Amino acid sequence: MPSTAILWFRRDLRLSDNPALMAALDGCERLLPVYLHAPDEEAPWSPGAASNWWLHHSLQALDACLRERGSRLFILRGDSLACLQALITATSARAVFWNRCYEPARIARDSFIKQQLRAQGIRCESHNGGLLFEPWEIKTGADQPFKVFSAFWRRATARLAEIPAPSPTPEVLPPLPEAIASGRTQLSKSLAEQPLERLDLLPRISWDAAFPTTWQPGAAGAQARLRRFLDQAAHDYAETREQPGVEGSSKLSPHLHFGEIGPREVLKATNATVGDHEAFVRELGWREFSVHLLFHFPQTAEVPLNPLFADFPWRDPTPPELLRAWQQGQTGIPLIDAGMRELWHSGWMHNRVRMIVASFLTKNLRIPWQTGARWFWDTLVDANLANNTQGWQWTAGCGADAAPYFRIFNPVRQGERFDPEGVYVRHWCPELTRLPKRYLHAPWTAPVAILQQSGVELGITYPRPIIDLADTRREALAFWQQLRDTD
Ligand code: FAD
């Protein structure tokens, strides 16, 4: 009987630098690449609509890569352990390999599966395919997790040289197990192979029309995106990454999230191509830090890391009209609206603008950060529990290494500083295109004659601001002070 291994693809939808794949190839004569669809096992953070769009196309691309090498992707839907056990029985596989995920629900599930399979005598191995360092590898001198990024990153950068070189992409893959190749699988009807379309990942209402023009999910798209970044924006990254009106960052986030490219490959290519790469590698460091935090403080996807904020007096109940205006990019504050429209249209938002819209929601509107995190979760193609949690908690002022609560972004000043010519705002808020740049970030301050000349009628063609920025800032600071006084 030829030795058969199962390779379980999850957030590592690539063949390059894939340690689980390399381990599976070592000695196996037949290989079954599988994807198991079980969104309920990730509850309460099952992937959102934009992530599902990406996943559909990424699985399609992975299947094509496997077919080019003489294999293919076998998709099942259902309880992951039951699927694996059914496949083991059907193919007589003796080993299962996967790359690790670090979200709390996945850790619990994967540990249980590993325990069960090993108890059945199955070799079961997990590997690190998604991080530069495992979240438990970087520790303080007192053997504690870090809560401050700069200290974490200092410790991590001292060890960058230890990171193994990325492994190559196999040119040919072992054949599928006989039972699968011949179509004679012994699976029960409820665990039958599923065509990708049956996973229902694509939206029923086509709000995703613009996604394919912006993105190419899959490993080839990830490599193309990396090349483009290294050829262009990478060289001025430290400066241009802050400007939402130019393509100044890599836009690798969804590719990294789905593991279509690994951070080792990105690091190696950047080191080899870009002279001053420190600022960019530091952002990869924030990605590592986010996973480190979620791993050590798994409750933080739901509750603030700083317990003081558990009692923060958010507006209760959340006024639905304020939340809707924020979600739809109709707040009357141009930079906020531009960001929220970019998100809806393309499934992505510039990092600086993410911070500004998050600050606006949590501080000016006093709506809980968890509500914002949920909206991002559903609308971002790069929605990632570690990065999203860290980004929201940081901005709200309640996370690790957080921006101090009293530092409230002023979206008008931020717009004038980071989008001085108004390229970004004009693109996403075309109704403001003709406003002179002096008034573009605060149309309500423009004289009536200028508004008329520019074709802007506040409250008709573009909303009046839904809140007063200065008043709400003062209120937020007063609530924060009260909270501190009662501590
Ligand atoms: P680049 O600047 O090219 O950076 C390269 C890579 O480093 C990114 O692809 C990403 O993987 C990582 N990275 C960059 N900045 C950060 C950061 N601040 N924290 C963690 N990792 C980072 N990022 C996500 O991937 N998924 C999310 O769900 C997410 N939610 C966020 C929510 C809020 C409120 C905020 C403020 C930030 C969030 N981020 C999230 C972080 C950041 O905005 C994005 O990673 C970044 O904008 C992606 O663009 P890029 O690939 O061009 O980044």
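In this text, all values refer to a predicted model and were calculated from it rather than measured experimentally. Both counts, for ligands and for their atoms, begin at 1 and track the order of listing.
Asn387 ND2, 3.0 Å is the protein heavy atom nearest to atom 25 (O) of ligand 1. The closest protein non-hydrogen atom to atom 41 (C) of ligand 1 is Asn351 OD1, 3.9 Å. Looking from atom 12 (C) of ligand 1 to the surrounding protein, the closest heavy atom is Glu283 O, 3.5 Å. Of the protein's non-hydrogen atoms, Asn388 OD1, 3.4 Å is the one closest to atom 32 (C) of ligand 1. Protein heavy atom closest to atom 1 (P) of ligand 1, with residue, atom name and distance, is Tyr237 OH, 3.6 Å. Summary of contacts: the protein heavy atom closest to atom 36 (C) of ligand 1 is Met355 CG, 3.6 Å.
Trp394 is not listed as a side-chain neighbour of Phe149, based on a closest heavy-atom distance of 4.5 Å or more.
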Next item on the list: Begin with the C-alpha distance, continue with both residues' side-chain angles, and end with the deciding distance and a verdict on salt bridge (charged side-chain N to carboxylate O under 4.0 Å, His left out) for Arg341 and Glu431.
Entry: CA-CA 13 Å; Arg341 294 179 196 188; Glu431 65 272 44; 3.0 Å; yes
Check: What's the verdict on salt bridge (charged side-chain N to carboxylate O under 4.0 Å, His left out) for Asp231 and Arg228, showing C-alpha distance, side-chain angles and the deciding distance?
Finding: CA-CA 5 Å; Asp231 288 347; Arg228 179 183 161 126; over 6 Å; no
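Considering only residues two or more places apart in sequence or on other chains, Phe360 meets the ring pair (Phe, Tyr, Trp, His ring centres under 6.0 Å) condition with none of them. Take Asp79 and apply the side-chain contact (heavy atoms from CB on, under 4.5 Å) test, not counting sequence neighbours, and it matches Glu41, Leu81, Ala82.
Under 4.0 Å from ligand 1, the heavy atoms of Trp348 that appear belong solely to its side chain. The part of Phe280 lying near ligand 1 is the side chain, judged by heavy-atom distances below 4.0 Å. Contacts with ligand 1 closer than 4.0 Å are made by no heavy atom of Phe289, backbone or side chain.
For atom 27 (C) of ligand 1, the nearest non-hydrogen atom from the set Ile261, Leu226, Asp382 comes from Asp382. Among Arg287, His257, Arg354, Glu288, the residue whose heavy atom lies closest to atom 39 (N) of ligand 1 is Arg354. Nearest-residue assignment for atom 6 (C) of ligand 1 (options Val353, Leu380, Val266, Leu284; heavy-atom criterion): Leu284.
A salt bridge links Glu42 with Arg11: the closest approach of a Lys/Arg side-chain nitrogen to an acidic carboxylate oxygen falls below 4.0 angstrom. Note on Glu265 versus Lys268: no salt bridge recorded, every NZ/NE/NH1/NH2 to OD/OE distance being 4.0 Å or above. With respect to Arg106 and Asp110, no salt bridge is recorded, no charged nitrogen being found less than 4.0 Å from a carboxylate O.
Each of the atoms 26 (N), 27 (C), 28 (O) of ligand 1 lies under 4.0 Å from some heavy atom of Asn384. Atoms of ligand 1 found under 4.0 Å from any heavy atom of Gln390 (numbered from 1 in listed order, with element): 19 (N), 20 (C). The atoms of ligand 1 that sit less than 4.0 Å from any heavy atom of Ser253 are 9 (O), 25 (O), 48 (C), 49 (O), 51 (O). Heavy-atom proximity to Ser250, at under 4.0 Å, picks out these atoms of ligand 1: 1 (P), 3 (O), 5 (C), 50 (P), 51 (O), 52 (O). Close approach to Ala383 involves these atoms of ligand 1, each under 4.0 Å from a residue heavy atom: 28 (O).
A donor-acceptor contact closer than 3.5 angstrom is absent between the side chains of Asp382 and His257. Remark: the Tyr102 side chain and the Glu134 side chain contain an N/O donor-acceptor pair separated by less than 3.5 Å. One side chain, Tyr424 or Glu342, offers a donor N or O that lies under 3.5 Å from an acceptor on the other. Between the side chains of Trp348 and Ser253, at least one donor-acceptor pair of N or O atoms lies under 3.5 Å.
For Leu252, a nitrogen or oxygen atom sits less than 3.5 Å from a nitrogen or oxygen atom of ligand 1, counting backbone and side chain alike. Considering backbone and side-chain N/O of Arg241, none are found under 3.5 Å from N/O of ligand 1. On a distance-only criterion, Ser249 and ligand 1 share at least one N/O pair closer than 3.5 Å. Geometrically, ligand 1 and Trp286 share no nitrogen or oxygen pair separated by less than 3.5 Å. The N/O atoms of Thr395, backbone and side chain alike, include none that comes under 3.5 Å of an N/O atom in ligand 1.
When each of Leu294, Asn306, Leu385 is tested with Thr300 by the rule side-chain contact (heavy atoms from CB on, under 4.5 Å), just one qualifies, namely Leu294.
Distances shorter than 4.0 angstrom occur between a heavy atom of Lys251 and an atom of ligand 1.
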